[in-house]
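The structure appears below as structure tokens.
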Amino acid sequence: MEYLSKNQRVNALEDINLHINKNDTILLKGRSGAGKSTLLNLMCGLIKPTSGKVIIDNICINELPDDRLSNLLSEKIGIIFQSFNLLPTYTVYENIEIAIVPKGFKVSLVKEYIMSYLEKFNLKDKAYLLPTELSVGQQQKIAIIRTLIKQPSIIFADEPTGSVDEETAGEILTHLVNFKKENGVTLVIATHGNISEEFADRIYTIENGRIKTEPL
Ligand SMILES: Nc1ncnc2c1ncn2[C@@H]1O[C@H](COP(=O)(O)OP(=O)(O)O)[C@@H](O)[C@H]1O
Ligand SMILES: [Mg+2]
């Protein structure tokens, strides 16, 4: 995968051959700049590879027209971004609500559903605040709720514990693992290293755009 910016090419990933089994938890480890975010963004269709293919459930997502790709993203795939991507002028509640409204949940049940998630994460009293009125860890949790509440079958999480303290990191991971136990989901997590490896089915280390270690 090459980025072409102004007059410079950056070869961000090379020779990546990765097969992920349904319902596995995968850790992509690597230092900053190794290529983790690029790989996640490729796998969920946010960027197109300059060579090679990404196949999800027998569908080559790079060849899908934009509308079918966005359907796939909204129905099957959950993305937890490194920078949260919460909408700053929307309340916590609204940030979560816009994630599920297109999924056709019954309007009368939406509030109860959102509140039950906020309660699970101990954030019920923050529902009507703006994201900026929350701590970074709380914002990260909202971003995670927004993804889980859609009940995706695959979650790509880019450093979901990257900007929080150790205890919050543990909590976040527990939420993800519990969600997996209850719902079954394929979980692909990029991390620079502060995630406990005991939950992973496979761990890959990325170095300079290549998968360095064989999976454990
Ligand atoms: N949009 C972009 N344009 C040009 N180069 C990029 C872009 N995004 C990432 N890169 C480069 O690709 C390499 C891998 O970056 P990234 O995937 O963000 O790594 P990581 O997530 O492991 O920190 C880095 O050298 C980075 O500078
Ligand atoms: Mg990154």
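Scope of the values below: all heavy atoms of this structure, side chains included, with no hydrogens, waters or symmetry mates. When a ligand or atom number is given, it counts from 1 through the structure's own listing order.
In the model, S37 has a side-chain atom that pairs as donor or acceptor with a side-chain atom of Q82 under 3.5 Å. Inspection of the T38 and N41 side chains reveals no N or O donor paired with an N or O acceptor under 3.5 Å. Side-chain atoms of K150 and S74 form no donor-acceptor pair, as typed in the model, at a separation below 3.5 Å.
The shortest N/O to N/O separation between T38 and ligand 1 falls below 3.5 Å.
For ligand 1, the atoms sitting less than 4.0 Å from at least one non-hydrogen atom of S37 are 17 (O), 18 (O), 20 (P), 21 (O), numbered in the order shown with element in parentheses. Taking a cut-off of under 4.0 Å to the non-hydrogen atoms of R31, the atoms of ligand 1 that pass are 22 (O). In summary, the atoms of ligand 1 found under 4.0 Å from a heavy atom of A34, numbered by their order in the structure, are 19 (O), 20 (P), 22 (O). Close approach of ligand 1 to S32 (heavy-atom distance below 4.0 Å) involves ligand atoms 23 (O).
Classified by interplanar angle (parallel below 30°, tilted 30° to 60°, perpendicular above 60°), the ring pair F121/Y117 is parallel.
We find that D201 and K22 are not joined by a salt bridge, their nearest charged nitrogen and carboxylate oxygen being 4.0 Å or further apart.
In this structure, the separation between CZ on R202 and CG on N21 is 6.0 Å, given to the nearest 0.5 Å.
In this structure, G35 is part of the shell of residues with a heavy atom less than 4.0 angstrom from ligand 1. Residue contact annotation: E159 has no non-hydrogen atom under 4.0 Å from ligand 1.
The nearest heavy-atom contact from the protein to atom 26 (C) of ligand 1 is V10 CG1, 4.8 Å. Scanning the protein heavy atoms around atom 24 (C) of ligand 1, the nearest turns out to be G33 O, 3.8 Å. The nearest heavy-atom contact from the protein to atom 2 (C) of ligand 1 is Y3 CD2, 3.5 Å.
For the pair OE1 of Q82 and OG of S37, the angle whose vertex sits at the Mg ion (ligand 2) is 80° to 10 degrees.
In plain terms, the two heavy atoms of K212 and E207 that are nearest each other are CD-OE1, 3.0 Å. Taking all atoms of both residues into account, the shortest heavy-atom contact from L118 to A127 is CD1-CB, 3.7 Å.
Proximity of atom 8 (N) of ligand 1 to the protein is indicated by at least one non-hydrogen atom lying closer than 4.0 angstrom.
Within the 2.8 Å limit, T38 places no N, O or S atom next to the Mg ion (ligand 2).
Around the CG atom of N208, the shell of radius 6.0 Å holds no more than 12 heavy atoms that belong to other residues, nucleotides or ligands.
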